[in-house]
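Below: the structure, in structure tokens.
Throughout, protein chains are lettered first and strands after them, A, B, ... in sequence-line order, and every chain is numbered starting at 1.
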Amino acid sequence: MDIPKTYNPEEAEQKWYDFWQARNYFISAPGGRPGQTSENKKPFTIVIPPPNVTGALHIGHALNNTLQDVITRFRRMQGYNALWVPGTDHGGIATQNVVERLLLAEGKTRQQLGREKFLEKMWQWKNESGDTILNQLKRLGCSCDWTRTKFTMDDDMSLAVMAAFVQLYNNGLIYRGNRMVNWCPRCQTALADIEVEHKEQKGNLWYILYHFKMDNGRSGIGGSHDSGGINETGDTPYVVVATTRPETMLGDTAVAVNPGDERYKIFIGRKLILPLVGREIPVVADELVDPAFGTGAVKVTPSHDPVDFAIAERHKLPSVIVIDEKGKMTKHAGNGYAGLDRYDCRKKVVDDLYAKGLIEKTEDYVHSVGTCYRCHTVIEPLVSEQWFLSTKEIATTAADAVKSGRVKFYPESWASPCIDWLENLQDWCLSRQIWWGHRIPVWYCKNKKTGCKPVASVTRPPKCPVCSGAEIEQDPDVLDTWFSSALWPFTVFGWPDRNEEKQVSGNGGNDGGNDGGLRYYYPTSVLVTGYEILYLWVARMIMMGLKFMGDVPFRNVYIHGIVRDIHGKKMSKSLGNVVDPLEIMKQYGTDSLRFVLTQSSTAGRDIQISEDSFTGARNFCNKIWNAGRFILMNTTQENAPRQDVSPDGPSGASDPVNRWIISRYNECVSDVTRSFENYNPAEASRRLYDFFWSEFCDWYLELVKPRLAPGTKPPSALLEVFIGCLRMLHPIMPYITEELYQKVLSAVGPDESGQNGAFPESIMIYPWPSVKNEMAYPDDVRELRFIMELITNIRIIRAEMNVPVKQTINMVVLSHDNRVPDLIKKYIPNLKFMCRVDGFSAAGTKPARSAVTVIGDIEICIPLEGIIDFAKESARLTKTIAAVSRDIEILGAKLSNEKFLSRAPSQEVQKIRDFSRQNEDKLNRLKKYLETLEGK
RNA sequence: GGGCAAUUGGCUCAGUGGUUAGAGCGUACGGUUCACAUCCGUAAGGUCGGGGGUUCAAAUCCCUCAUUGCCCACCA
């Protein structure tokens, strides 16, 4: 077969992706995929963390989706009815912002367009570019069931969101209230607490004088202020308050102190005159005030600070709104300030206070300010009427589910932050003052006189259902985009419509995917996601899943980190350190990208990569490719095996080399399977890399070469183990494995029956390799290990003694084992191979027997028998004994080498003696310990 | 202020009580007709952040300190 020297990814990728899709391999229904007879397979389900429709595939998506695909493909091969549900999220504010920016480029705003027209634009944009990221996922090889693709604002999905809202509303868990919320002045909407990002910012702490109202009515401004927080010495006593936001003082309605603070006790209840404004405000006592901060007296601005809001509620203080929803000062800010931007106003207030001598001092102060997670504008806390979800009850249930292990986290360390968050959760502000999203399904009676209560309903009632007559209007706000996301694990399966249907039958019929399979697929098996949306999304899904489905949405959560550049910096366009997965796929192949991401993804930890990382992966692809090339060059229709790995192949059982590689292969299967099952694909990929390259290629293929004389059949293990490796590599590197597998298929050709025997039509549906314990050959493994060590030692000695490669030498091998001569004959039977191993290539004229001569035994021998017998009591101890006894074996080998090294420096000899002594010590201590055990 | 994670060779990372602590990249030396120079062979390079403890045995478990990063919090 004519195979190019290097693997060409681009050629293979599109071809095989189309091939898989054409055969419906990705499709899953409760009864299996179309054309598949129902086999009572267990489901294995993943729902995608839906990327925003705005998204273009970045490296984070690539990591997230590669991991999901690896797990899905693995489980599918393992015999599960594997389903990976794809979809996209409407992305609320983020998406609206994108379109608003586009509009702005045309010089328009959404307000100018109006709600209806603007939404048309949104949909138009969504329809044009919303599939971009899904197509990029296909490029990445994702084996999603595309027939189930969902969008959070699809009609059925929207209805489900409405239904969820109405149910919560009717359960009394959703309420409308005037509360302090995080307001983004740029996005012009409320945000949930979790959507606020806190950033350290340099600022100032201004110490402002608030004078007491004098009995005679004077405000006392202009008095002396040479002392600290309180001044009563002059005729104008005052209190000093510290603030980082002086502009909010215009809305102050009190000054608060801690009730236990002796300094201020006598002032509680007295009146102050608010500087610049002249309003009378009281001094109140509240526990929330920290006496140690600033002066211990705090200004209270109920409208613009959450703590102050709470204080005001307790003390029934009035509130004055001085900042509006655009971040500008209101008319209540007073003359000279109204209409100013909040920061301009801050400056002016400070200037004015200075001018009046009312600022005691200014300190530099670093504090964290809340910013909008979508546009990074500084949040303004504002009181406004919003919809809230009361979370206490459902969050507690969710926390319990995590505590009891109904949801397991990988790594476990993420469980407790999740529990903590749930247990301290404040009510969730659900409403957003934007247009793109699920409009809140609450309807108000237009007839104000009747005083009808608002009604929540999935569909629009024709008239007000309360007074059954008046026109109605819908609440203008939309729901937080994360509300629909929280419902995702069951709405994608058709909730609520099919909630009841399939409960009894369990394994529903094969109706080609019309049935969402809610009860069959839910709870899903695993959620794969980054830790950055643990609270935003994961915790909320658990709450909603338990609320609506009565069970957790997923049994396992695999948390991965974020991808950083090689210096540990976050990737960003402005830093220019972005690794573009599309570019990587183009340059190195999709499999290289997937391999790097899989291999470096230790659960829960960030990974650092640079473009260089992909060179190694590409080389690995090429290694696989060339191993395949070599094997295919030796495979024909006549000599090909037609079954899974077996020692009974034509020349398999008779040759210890094959028994060795089969044993090692079996160990590899066992390890890799366990790693995948434990959600550790990184470990699996490293194990495969090592086995394939360092054992299969470096040793087995080299050992096999001399056995491939023209006219002989290659050992069946050669092809069988190779295919086995391809199968295990397939979840990680789907394309190259399929490409090579297909080449094998055509080399093998159909058997007598006209079929490919045991070989399925695609590696994707080839059942996962099983461990065959009956094919473990520990004796052969031990012997081969010895031979490999021997050959390595010969290489070392040659290199150390600067023996040119082409020069043949006489070697003496010392061993304590008199089977060694036979072993060497057995494994290195002919001259050609010997020369290869030794690095002789051209001048290998001497026969093997004179190149390697074996004599004698080693001198060092410490009796171990007694201890070993005793140690049988404990496997752990046996392991230790094995370790120590091996120390001594190696010591023997080193001492043997010493004889070769006729010019070995005395230093080296000393090293060996030290080593010997250390091991004797180790052994003696162990002996002692064992004796004490025996005594007990 | 609270919490979590990390600290292993020049770099990026594996390694959750037991063989001589591993790999990739980088470095040095040597090698290509015969699957692969996207390759092969060999080497150098680590007192596993510091200190203390538990243990026959510690990179691994405990305590403590240090440094870095992240998350949370009503840092006025």
Side-chain angles (χ1 to χ4, degrees), chain A residues 3 5-7 198 200 205 241-245 248 256 288-290 293-295 297-301 305-311 365-369 381 411 413-414 416-417 420-421 424 531-532 534-535 561-562 566-568 599-600 602 604-610 612-613 615-634 682-683 686 689-690 694 697-698 701-702 705 792 795-796 798-800 802 804-806 839 841 876-887 889-891 894 915 918-919 922 924-933:
Chain A
I3 301 166
K5 272 190 154 188
T6 52
Y7 167 56
H198 293 272
E200 292 268 289
L205 195 55
V241 299
T243 181
T244 54
R245 301 196 55 196
T248 62
L288 277 183
V289 180
D290 174 11
F293 186 91
T295 59
V298 55
K299 56 192 268 327
V300 179
T301 320
D305 183 280
V307 180
D308 295 3
F309 183 78
I311 293 175
Y365 189 68
V366 177
H367 61 138
S368 82
V369 296
S413 56
W414 279 106
S416 98
D420 291 349
W421 187 80
N424 296 302
Y531 57 72
E532 70 274 12
L534 181 69
Y535 308 132
I562 60 171
I566 203 67
H567 307 294
Q599 193 248 19
S600 42
T602 309
R605 291 198 53 186
D606 289 350
I607 61 183
Q608 296 183 210
I609 55 169
S610 68
D612 298 340
S613 319
T615 311
R618 186 205 44 200
N619 295 354
F620 183 44
C621 289
N622 201 52
K623 192 70 185 176
I624 300 170
W625 183 257
N626 274 290
R629 188 164 171 257
F630 171 73
I631 291 162
L632 285 164
M633 277 166 29
N634 290 288
E683 195 177 66
R686 280 190 291 264
Y689 179 93
D690 286 344
S694 311
C697 290
D698 286 353
L701 291 189
E702 294 305 326
K705 275 177 187 171
T792 304
R795 284 174 182 159
I796 292 170
R798 289 184 60 100
E800 278 177 357
N802 291 319
V805 177
K806 291 185 182 178
S841 60
R876 219 158 121 203
L877 284 178
T878 311
K879 212 169 162 190
T880 308
I881 301 295
V884 176
S885 61
R886 190 168 156 70
D887 284 351
E889 256 185 64
I890 287 161
L891 181 63
K894 284 232 176 186
F915 185 80
Q918 273 171 26
N919 278 284
K922 205 172 172 183
N924 287 333
R925 270 180 285 142
L926 186 63
K927 259 183 180 171
K928 241 185 195 166
Y929 170 63
L930 292 172
E931 277 158 19
T932 48
L933 272 188

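- Whole-Å rounding puts the Ile607(A) CD1 to rA6(B) P distance at 17 Å.
- Here rC36(B) sits opposite no nucleotide as a Watson-Crick or G-U wobble pair (both hydrogen-bonding atom distances under 3.5 Å).
- Atom pair Lys5(A):NZ and rU32(B):P shows a separation of 15 Å (rounding to whole Å applied).
- As rounded to the nearest Å, rU38(B) and rU32(B) have C1' atoms that lie 14 Å from one another.
- In the set rA35(B), rA6(B), rC75(B), rA35(B) carries the atom at the smallest distance from any side-chain atom of Cys697(A).
- A salt bridge is defined here as a Lys NZ or Arg NE, NH1 or NH2 lying under 4.0 Å from an Asp or Glu carboxylate O, and Glu683(A) with Arg686(A) fails to meet this definition.
- Between Tyr689(A) and Phe620(A), the two ring planes are tilted [angle within 30° to 60°].
- Of the N and O atoms on the side chains of Asp420(A) and Tyr535(A), not one donor lies less than 3.5 Å from an acceptor on the other residue.
- The partner of rU68(B) is rA5(B), judged by Watson-Crick or G-U wobble contacts that both fall below 3.5 Å.
- Nearest-nucleotide positions on RNA chain B place Gln608(A) closer to the 5' end than the other of Gln608(A) and Ser368(A).
- The partner of rA28(B) is rU42(B), by the rule that a Watson-Crick or G-U pair needs both atom distances under 3.5 Å.
- Comparing atom distances between the Arg618(A) side chain and each of rA76(B), rU38(B), rA35(B) picks out rU38(B) as nearest.
- In this structure, Arg605(A) reaches the rA14(B) phosphate: one of its side-chain N or O atoms is under 4.0 Å from OP1 or OP2.
- rU68(B) atom P lies 19 Å from atom NE2 of His567(A), rounded to whole Å.
- In this entry rA58(B) has no Watson-Crick or G-U wobble partner, no candidate having both defining distances under 3.5 Å.
- If you take CD of Glu702(A) and P of rG41(B), they are 8 Å apart, rounded to a whole angstrom.
- For Ser413(A) and Phe293(A), each mapped to the nucleotide of RNA chain B holding its nearest heavy atom, the one lying further toward the 5' end belongs to Ser413(A).
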